[in-house]
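In what follows, chains are A, B, ... by sequence order, proteins preceding strands, each numbered from 1. When reading the values below, keep in mind they use all heavy atoms of this one structure, side chains included, and skip hydrogens, waters and symmetry mates.
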Amino acid sequence: MKMVKLQKKNLNAFLAGLEKFGDLHGPVRRDTNDFAFQKVDAPEQIAHDCLRTILPPKKYFTKPVDTMFTFSEAEGYRAPDKDLHTKIILFGVHPCDIHGIKILDLVFGGQYRDEYYFARRRNAIVVGLDCMPDEYCFCRSTGTDFTEDGFDLFLSDIGSSYLVRVGTSLGDDIVLETSTLFQEIGDTDRRAYKRRSAQRINSFEVEIHLEDLPEIMDLEYESRIWQELGDKCLSCGTCSMVCPTCYCYDVVDQLNLDAKSGSRLRRWDSCLFKDYALVAGGHNFRADRGSRIKNRYFHKQRGFVAQFGRPSCVGCGRCIVSCPAAISLVDVLTKLRSRGNE
Amino acid sequence: MSTKTITVGRVCRIEGHGGITVEMKDGRPANVQMDIIEGTRFFEPLLVGRHYHEVTPIVMRICAICSAVHAVTSLMAIEDAFGIKVSPQTKLLRDLLVQGGNIESHALHLFCLAVPDFLGYSSVIELASDRPGEAKIGLELKNLGNKIQEMVGGRAIHPVNAVVGGFGLVPSEGDLVILREELEKGIRKALATIDLMAALEVPTFPESPTLYAALKPPSNKFGLFGNKIVLSTGETMDVHAYKDLCNEVTVAYSHAKQSRFRERPFMVGALARVMLFGKFLSGQAKTACRRLGLHKQTDNILYNNAAQAVELVYSIERAIEVVDELLHRGVKKERPRHAEIREGSGTAASEAPRGTLYHSYTFNKKGRLTKADVITPTAQNCANIEKDLRASVERAGKDPVDALREKLQMVVRAYDPCISCSVHLIDLRPEAERG
Amino acid sequence: MAKPIVGIFGLTGCAGDQLVILNCEDELLDLAGALDIRSFHMAMSDNDEDCDLDIALVEGSVVQPEEVEMLERIRSRARLLIAIGTCAVWGGVQAMKNEEQREKLKRQVYGPKGKDFGIIPSQPLSSFVRVDYAISGCPIEKDQFLQAALSLIHGDLPVLPDYAVCTECKMRENSCLLLERGELCLGPITVAGCNARCPAYGQPCIGCRGPVEEANVASEVNLLREKGFTLVDIQNRLRTFGGQSEVMQVAPTERGR
Amino acid sequence: MNRENIYFPHLAQITRILPQIEDHKLFGLTFVDKSMKDNFSYRPGQFVELSIIGTGEAPISISSSPTRPGTVELCVRRVGRVTNALYNLERDDLVGIRGPYGNGFPVEELEGNNLLLVAGGLGMAPLRSLLWYTLDNRERFEDVTLMYGAKIPDEMLFKYELLSLLDRPDLRCMLTVDKDEEGIWPAHIGVVTTLFDQIEIDPSTTYAAVCGPPVMYRFVLEELLKRNLSKDRILMSLERKMKCGVGKCGHCAIGYKYTCLDGPIFTYWDAINLPELI
Ligand SMILES: Cc1cc2nc3c(=O)[nH]c(=O)nc-3n(C[C@H](O)[C@H](O)[C@H](O)COP(=O)(O)OP(=O)(O)OC[C@H]3O[C@@H](n4cnc5c(N)ncnc54)[C@H](O)[C@@H]3O)c2cc1C
Ligand code: SF4
Ligand code: SF4
Ligand code: SF4
């Protein structure tokens, strides 16, 4: 993989020079500890100390509320043309989130390709950025702490510079655009990178074992843990909204004032909502919260493995930090392993 | 001796449920009552025990139309109790919010509730099918008021953004610039409203000597805030002494608690403000005031609609002025001022669309409310409404009963009574007793 | 399809939900064209008091015997009765202290003269009649009302959110007040639809839309207790708007101050 | 959009409405677009997403057989928004259709075997497709048996069509009702499982296809297992909440399977491995 070096002091100049590739988006501080990806007018607005945005980058590709098409007698069905074709540069995506995007690529691809998702994917340049884990990160356990693809450029902190990995031909074009800002890497840089990498690996405070988790989950299908979690869970939907790999949506038709034309919308949904599995006739396949929260864990850690060969959790820790009821995925999985069905 | 009772079971096109009962003895009105048939909600006791910051969101629910001014007055009373001084920016934003409420309320009343009276339509919808231009102006003005309330208050009804010490989120300069453009367009629509009002014939039947009361603006500028109450007799008093004016009594026939000043009913509202302080108006509002003949004294309540139209112009002009001042100063992202909790009482008053509104609270040393008193304009006006109804009946002569009923409703509607407001402590007289 | 015949009524409340309808300034005339509005006391004279109605929209709670009669009469005329606003759906702010004697409140406000008033504790419509649909909110949200009205015109039942405010709060990427500032936020148990308005203005949700279906109040109370709020404060907030809902009747087992 | 948009429905006209029983009607639909009409092919057991524009979408099994192209038939029970809106439509009105989706019955695998179709209530809707497919390709299958139960005669779907099959020599058509108070029912009386006493099952050459309400499965499965039918020769058509039909919206996921992609036809062995399946 092509690698170059960018001095930190040149980062903003580099980002400012990318105008012709699209609008610059990056994490911006919302509150003391909160960040959100959003469009910035100038690179200075980007918060480089952001470890975790409230919502993951999925919001760019499958929006919280998204028009699937408009309908009217005169024009029939029409795909939304707005915002599918805006080019953006998404700066500051950490490895776990890049893996999150790669997982969504699997879901929205396949036999039936969601062209809305892929149109937006094609129009987004992903500039990754490495990070130092905090006490909630467990991407090392999920194998998503490092990524070899899924980005156009990836920046790793090596002191006063970034080591830049060039992931795509487009990424290379971007580098060439402002080539004067980049330098070749040397021996000290190589050493610095390895030091940084080792330091990062050693910084993980949380570790869980996922290898045989599907089997453990099957064993603990009837565990009392699920009921206990059900009592605690508020069904507030927060964990699903903030998860980089939760993709469920609900579909509603919205009417215009003529009550004839309108649009079909999809809106992020959550398997923790009561009516998620409620079918006509009033039968609910997961009527109690315990079975719903179990489903969330099963689908991520068990179902996804069967379907795509890997769990869909990328260890970003978002659901843990943002759960009002303080339910921690790490605790649950640890307990399942150690305690089980007593 | 012949006794006859004229009733209007339910006055339409007013906010809330109210009726009218007139008992005639020998062709003269013996008993005239404005019946409030809205249910009781007991707001004051509901507030007891609540933390000071919980008071405003609850108490603004007294009334949807005046929720913005209820909110602001309530906040000022709380801040009075704790001695919180809010920033000049907060004051300006509150002024803007209250002007927004005034615009919305007056436009609603003029176009949706009252004007159809003068033009002979049963509703704004019917008005729209015949005179779409006028209906459109009315709705757009109403919308302008709502836009201000949404932007500043966070919601058109029951503003969530106005909190003790300031605002949750201060609107951006960009928002204000856009609003300013809308306000500029609004002036033209408000002036069109003046044209419409100028063309209307105002009947004289309810005319009778009237005592007006309103808050005196601190400087010689027309305004909706002040610390002194002024009466048309020239008497003034501090708002903290509001009880001297509004000594509410529960009326024997058990509807509204009523306000009288030295045994005399008095009127608060747009007409009272324009009568007392119209001389302080400036700009287009001043011209409008002359044009509608309100620079001369009148005792005819039906002119209240004209006064509201004048205030529409005023409120939009004032809103522009506030926006300009905010932009000139530069909008600061300030957090609400912190409250130092202490034991004590606070009182505040503002001019709501329908007249002076008083909020007065007492808190214990933990900042929990121990006593609350809210006096709404409609409650103050009730006695005066009855006075005008009586005058109308007396003057009606040989009017057929149906025509008289229409006239009586018109009087009630002219006051733009806000019954939800008044019934925070009013109850229904059972159907059977209403005759 | 024939225009639905509609009546809009108000019982005891602040008239906010009817005002929301009138606040649809841009849409009002279209709406009035697609509906046959026969009764709307707040906005028109010439109300038809007898006709059968396809849809009755009723605002406000029931606080006096006369309103029970009124409501029953509306029910008997209407094919669909839709409660609009938190008062109609849950009893509203006036239901806050229902457990305390209303008689006592009455005496406090009116003195001895109040003794003849017929008063019942503030209750939602569903305590007296069948309610086909409930659009909550204090006041109802304009967009939601419009979509509901359009669905009805289209011949469908409205679709309303049945998830909590937190969901919308996250979609908007608000900073969580409960976790970040330790505020008494009812977002997790309040039904969405307001687009998490208050948190977006930096204010905790006070539950003005009433509880979400299957609200886990016990867990919410626990987590608020852990954050140091007293049971009294928590109860006060739970009952401000959800006073009449069963889920909000958390037993006052402890007296925290 | 350079590829086909998987979310766009294709317009189809309602060409026939046959009321069946209360709140159940059979709708005959023909695609407006000629190439869609000619090329729309599917397997028995597959379903479509039916769109009523402005109201929404619902997954509905195809009740007609691919051996009879031109018209797609859907048997729809009126339960909610979409189905209600469909009932408000009339002949010649337009609806939208996406699909076909799902796996359908593995008809190639079934060929050369005995077939036992067991249906209850609306479960007849997907099985009717398989029934006519086998009847129209009769030579490819050995013995074919249909067991269908309704509560009372008036609640039997496709009643006259099925009654007309009673005398057919190449089909064992066993129709039953739980109760017949008026004494008009010409066939068996008793719940579906009572029919099992009348038949022989050769477990090595038989496939069973079962579809009905959740309660029915338990008893029918018991009978089939008693007769040693292997778990992966028992096929079931299952229902789940479903929005997109194409494996994106997540609603129909059960454990590691998507009803819309991996189903709706599952074997009993699948069910054992997916605890929530039935
Ligand atoms: C693969 C598959 C195949 C299917 N095939 C068919 C078919 O061939 N024919 C067919 O008719 N249906 C079929 N269904 C079921 C059908 O999809 C649903 O009935 C349909 O989605 C209902 O849509 P709706 O919009 O009318 O109902 P909705 O408006 O979604 O209403 C359903 C909701 O209303 C409530 N509800 C409705 N009825 C009742 C009731 N009786 N008791 C209690 N609550 C109730 C429930 O809460 C339920 O969630 C199939 C489903 C699947 C997944
Ligand atoms: S399940 Fe939780 S930790 Fe895992 S990816 Fe989703 S939000 Fe992150
Ligand atoms: S601020 Fe309130 S509504 Fe928003 S996520 Fe936090 S708890 Fe939920
Ligand atoms: S956030 Fe809560 S209090 Fe605010 S509008 Fe929404 S439901 Fe009401």
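- Of the listed residues (B/Pro336, B/Gly168, B/Gly138), the one with the most heavy-atom contacts under 4.5 Å to chain C is B/Gly168.
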Would you check, one step at a time, whether the test side-chain contact (heavy atoms from CB on, under 4.5 Å) holds for C/Asp233 with B/Arg50?
CA-CA 8 Å; C/Asp233 283 343; B/Arg50 290 299 189 136; over 6 Å; no

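- Using a distance-only test at 3.5 Å, with no hydrogens or angles considered, no donor-acceptor pair links the side chain of C/Lys142 to the main chain of B/Ala156.
- Between C/Asn236 and B/Gly49, the shortest heavy-atom distance links the atoms ND2-O, 4.2 Å.
- Within a 6.0 Å radius of NZ in B/Lys371, other residues, nucleotides and ligands contribute 12 heavy atoms or fewer.
- Here CD of B/Glu54 is found 6.0 Å from OG1 of C/Thr240. Values are rounded to the nearest 0.5 Å.
- Considering all non-hydrogen atoms of both residues, C/Ala15 and B/Ala64 come closest at C-CB, 3.9 Å.
- Looking at B/Gln149, neither its backbone nor its side chain comes within 4.5 Å of chain C, counting heavy atoms on both sides.
- The one candidate from C/Asn23, C/Leu22, C/Asp26, C/Leu29 that meets the side-chain contact (heavy atoms from CB on, under 4.5 Å) condition with B/Leu139 is C/Leu29.
- For the pair C/Cys198 and B/Val160, the tightest heavy-atom approach, listed with the atom from each and the gap, is SG-CG1, 3.6 Å.
- Using a distance-only test at 3.5 Å, with no hydrogens or angles considered, no donor-acceptor pair links the side chain of B/Arg155 to the main chain of C/Glu141.
- B/Arg61 places no side-chain N or O within 3.5 Å of a backbone atom of C/Gly92 that could act as its donor or acceptor partner.
- Rounding to the nearest 0.5 Å gives a distance of 8.0 Å between OG of B/Ser67 and CG of C/Leu19.
- Between C/Cys14 and B/His158, some side-chain heavy-atom pair lies under the 4.5 Å cut-off.
- Of the N and O atoms on the side chains of C/Glu25 and B/Asn146, at least one donor lies less than 3.5 Å from an acceptor on the other residue.
- Looking at C/Val20, both its backbone and its side chain come within 4.5 Å of chain B, counting heavy atoms on both sides.
- Rounding to the nearest 0.5 angstrom, the gap separating the CG atom in B/Asn143 from the SG atom in C/Cys24 is 10.5 Å.
- For B/Glu104, the part sitting under 4.5 Å from any heavy atom of chain C is the side chain, from C-beta outward, and nothing else.
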